[in-house]
**Student:** 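Below you will find the structure I want to go over with you.
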Amino acid sequence: MITNELSIGEMESLSKELRQDILNTIFEAGSGHPGGSLSAVEILTSLYWKEMQHDPANPGNPDRDKFILSKAHACPVLYVVLAKCGYFPREELWTFRKIGSILQGHAHIMTPGVEMSGGSLGQGLSFGVGSALAARLDSKKSRTYVLLGDGECDEGQIWEAAMSAAHYKLDNLVAIIDRNGIQNDRLTSEVMNLEPLPDKWRSFGWNTIEIDGHKFEDIIASLKTARSTKDKPTAIIATTIKGKGVSFMENNPGFHGKSPNEEELVKALDELSR
Amino acid sequence: MTTTAATREVYGQTLLKLGNDNRDIVVVGGDLNKSTFIHLFAQEFPDRFFDMGPAEQNMMSVSAGLANAGKTVFASTFAVFGSGRPYDQIRLGISQPNLNVKIVVTHAGIMTGDDGMSAQSIEDLSLMCALPNFTVIVPADGPETVKAVVAAANTKGPFYIRLSRAATPVIHEENYSFEIGKAEIIRSGPQATIIACGIMVDAALMAADKLSTEGINCSVINMATLQPVDKEAIITAAKNTGAIITAEEHLHHGGLNSIVAQVVGENYPVPIEAVSLTRYAESGDPKLLLEKYGLTPDSIAKAVKVAIERK
C-alpha cells in the first residue's frame with residue numbers, strides 16, 4: 001500500500017506530463033474524450049499522489065481506498081494516472097481503444113486499478129454507495145471517491161444515490177463533480193440548467209464544498225475537510241475548464257469527444273511542454 | 001389434497017438461514033420487503049440489510065458496488081422492477097463485469113393478478129436471458145426454490161431467480177437434488193415431450209396425466225434453468241419423442257420457447273408447439289387469468305396433440 005506525498009510543485013509538473021500522455025493516448029487511438037480528461041487532471045493527481053492509499057502492486061488490496069470514474073468516457077485521464085503509478089506499463093496506453101487492449105473505450109473493470117465498469121452515465125455514485133457501505137460493514141478505514149461529470153448530474157440516478165448516501169450517513173464517501181460547464185452537445189446551462197448545483201447537494205444532505213478544481217491547495221484542503229466530516233458524505237464541486245492546458249481546446253465543446261489531428265497534437269504538446 | 005407454498009415466502013426463509021451461516025451475504029431491497037419476504041433477513045441482520053426505497057436503478061448499482069467489495073449480494077423486488085426498470089444498470093454494472101449479485105424477484109408473470117398488466121412481468125425472461133454471464137432460474141415450487149437460492153449463494157456470478165406471488169403446488173420432495181443447468185425429467189413417455197418451467201410444470205404434469213387416460217403418453221421435463229440451458233436434454237427429447245411442447249408463464253418471444261426452439265432448430269428439428277402468452281393480460285383473479293390467457297393443462301394437452309399430428 002502506498003500513500004504518495006508529492007509537493008504541490010511536483011504535482012504541477014506531473015500534471016503537464018499527464019496531460020501530454022492523455023493527448024498522445026487519444027491521438028494514437030484516433031478517438032476518445034480529451035476535454036473532460038484534461039479538466040480532471042489536478043483532481044486525479046491530488047487523489048493518487050496525495051490523498052489515497054492504494055496498491056499498484058496488488059490492485060485488489062482489500063484495504064485500499066477506491067477511486068470510481070463515473071464519467072467513464074474520461075478514462076484517458078485515469079489510464080495515464082494508473083500507468084504512471086505502475087498499475088500497468090506506459091506502453092499499454094498506445095493500445096487504447098484497439099482490439100485486444102486492456103484499455104477499453106470506456107473504463108472497464110478488466111483494467112488493473114479500474115474499480116468499476118462504466119460507460120452509461122449516472123451509475124458510479126450508486127456503485128460508490130455500495131463500496132462505502134461494504135467498507136463500513138467490514139470496519140475498514142477505506143474511503144471511496146467518485147468523480148462525476150457535471151452533465152452527468154442530469155441523470156436521475158445520481159440523485160437516487162445522493163439521497164441514499166446521506167440516508168446511510170456515508171462519511172467515507174466523497175463525490176467530486178467536475179464542473180467544467182460543457183457536456184456532449186453544448187454548455188450545461190443550455191442543455192439542462194443544473195444551478196443552483198451546490199444548493200441541490202446541500203439539500204440532499206451532503207457536506208458541500210466549492211473549489212477551484214485546478215488549484216491543488218483547494219483540492220487537498222477540501223479532501224481534508226471531507227475526511228474530518230462525520231455522519232455526512234461530502235460533495236466537492238470543482239469548477240474546472242474543459243480542455244484545460246491546451247489553448248484551443250479550453251472551453252471548446254468540439255473537443256468533448258474528438259481526437260486532435262496531428263497538427264493539433266503537435267501544437268498542444270508544445271503548449272504543454274512550456 | 002396437494003400442498004402449496006409461495007415460493008417468495010420459501011425464499012425469505014432460505015435467505016434467513018443462509019444469512020446465519022454466511023456473514024458475507026448482504027441483502028438490498030426496494031420498499032417491497034414484506035412482499036418479497038426479505039424482511040425476515042432484515043429483522044435478524046439489520047446491519048447487513050439495505051433498503052434503497054423504490055429506486056431500482058440505484059438499488060442495482062449499489063448491489064454491484066457491494067459485490068465488488070466481496071459481498072454476496074441478494075437484491076430483491078418485484079419482477080418488473082428487478083428486470084426491465086433497471087436493465088441498463090444490470091447490463092453495465094452486473095452482467096458486463098460479471099459481479100456476484102443475485103437478483104431474486106417475486107410477483108412474476110400474470111399470477112400477480114389483480115395489479116394488472118403494469119405489474120405482470122411477462123417479458124423478463126427474454127430480457128434476462130439476453131445477458132451473458134447471467135444464470136436464469138425459474139423454480140417450479142418451494143423445494144426447488146430452496147435449492148436454487150442455496151446454489152446461487154454458493155456459486156460466484158450473477159443470477160436471476162424468478163418467483164411467484166401466489167402459493168403454488170409442491171411437486172418435489174424436500175431432498176430433491178437440484179443442479180444448475182440440469183433439466184429434470186419428471187415423467188417419461190414416447191410420443192412427445194412437454195418442457196415447462198415455473199408454475200407451468202405442475203400444469204404440464206396434469207396435462208400428461210389427462211393425456212395418458214386418452215392413450216397418449218408423453219415425457220415431462222422441468223427446465224428450471226433457462227440459462228445456461230440443458231441442451232443435451234432438449235436434443236435427447238427431440239430425438240426420442242419427435243415432438244416438443246413448451247409451457248411457460250411468459251410471452252411467446254424470448255423465453256423458454258425461444259431457447260428450446262433454437263436448440264432444436266440447430267440440432268435436431270422436430271415440430272414444436274408453444275403454450276405461452278401472446279399479448280399483455282389484465283387485472284383479475286390469477287386462476288381466471290390463466291384460463292383466459294390459455295396457460296392451463298387443457299391448453300398444454302391440446303398443444304401436445306397438435307405437435308404429434310405435425311410429426
Side-chain angles (χ1 to χ4, degrees), chain A residues 59-68 70 72 104-111 114-140 142-144 146 155-170 172-173 204, chain B residues 19 22-31 41-42 45-75 77 81 85-103 131-133 157-158:
Chain A
N61 188 321
D63 294 319
R64 72 194 183 278
D65 291 332
K66 289 184 179 173
F67 172 73
I68 291 154
S70 191
Q104 294 294 294
H106 288 75
H108 185 280
I109 209 163
M110 68 160 68
T111 309
V114 171
E115 297 287 353
M116 185 194 81
S117 292
S120 181
L121 293 173
Q123 303 186 17
L125 190 56
S126 303
F127 189 95
V129 168
S131 161
L133 283 170
R136 187 166 70 190
L137 188 56
D138 293 340
S139 309
K140 286 189 192 301
S142 156
R143 294 173 65 76
T144 300
V146 183
E155 292 281 2
Q157 189 185 349
I158 293 290
W159 304 100
E160 293 183 3
M163 224 185 311
S164 63
H167 178 82
Y168 285 102
K169 300 183 168 47
L170 295 176
N172 55 355
L173 177 67
F204 272 74
Chain B
N22 182 350
R23 297 275 150 183
D24 278 337
I25 290 180
V26 298
V27 178
V28 182
D31 194 32
F41 183 98
F45 309 109
D47 57 327
R48 286 192 275 146
F49 177 79
F50 307 107
D51 194 345
M52 289 299 146
E56 294 81 9
Q57 303 177 133
N58 190 40
M59 189 180 156
M60 292 305 168
S61 305
V62 167
S63 298
L66 284 160
N68 189 52
K71 301 298 173 192
T72 300
V73 186
F74 280 81
T77 178
F81 308 131
R85 176 77 190 231
Y87 193 66
D88 185 44
Q89 284 71 14
I90 297 171
R91 171 184 175 269
L92 176 81
I94 298 171
S95 178
Q96 291 189 352
N98 198 17
L99 289 176
N100 202 21
V101 178
K102 323 298 176 185
I103 302 171
L131 296 171
N133 296 326

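Scope of the values below: all heavy atoms of this structure, side chains included, with no hydrogens, waters or symmetry mates. Just so it is clear: chains get the letters A, B, ... in the order the sequence lines come, proteins before strands, and each one is counted from 1.
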**Student:** Closest heavy-atom contact between A/I68 and A/G124?
**Tutor:** CG2-O, 3.8 Å
**Student:** About how many Å separate OG1 of A/T144 and CE of A/M116, when rounded to the nearest 0.5 Å?
**Tutor:**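 A/M116 CE to A/T144 OG1: 12.0 Å, rounded to 0.5 Å.
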**Student:** Side chain, backbone, both or neither: which part of B/N98 has an atom under 4.5 Å from a heavy atom of chain A?
**Tutor:** neither
**Student:** Within the 3.5 Å criterion, strictly below it, is a donor on B/D88 or A/Q123 matched to an acceptor on the partner's side chain?
**Tutor:**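 Distance-only check passes for B/D88 and A/Q123.
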**Student:** Taking atom CD of B/Q96 and atom CD of A/Q104, what is their separation to the nearest 0.5 Å?
**Tutor:**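 Separation between the atoms: 9.5 Å.
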**Student:** With respect to chain B, which residue among A/H167, A/R136, A/M110, A/K66 yields the maximal number of heavy-atom pairs within a distance under 4.5 Å?
**Tutor:** A/K66
**Student:** Who wins among A/G130, A/G60, A/A161 for the most heavy-atom pairs under 4.5 Å with chain B?
**Tutor:**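 Top option by heavy-atom pairs under 4.5 Å: A/G130.
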**Student:** Heavy-atom distances under 4.5 Å only: say whether B/V26 touches chain A with side chain, backbone, both or neither.
**Tutor:** side chain
**Student:** Using a 4.5 angstrom heavy-atom cutoff, name the option from B/L99, B/D47, B/V73 with the most pairs to chain A.
**Tutor:** B/D47
**Student:** By a 4.5 Å heavy-atom criterion (distance strictly below it), what part of A/K140 contacts chain B: side chain, backbone, both, or neither?
**Tutor:**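 Neither part; nothing is under 4.5 Å.
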**Student:** Would you check if the distance from the ring center of B/F45 to the ring center of B/F49 is below 6.0 Å?
**Tutor:** no
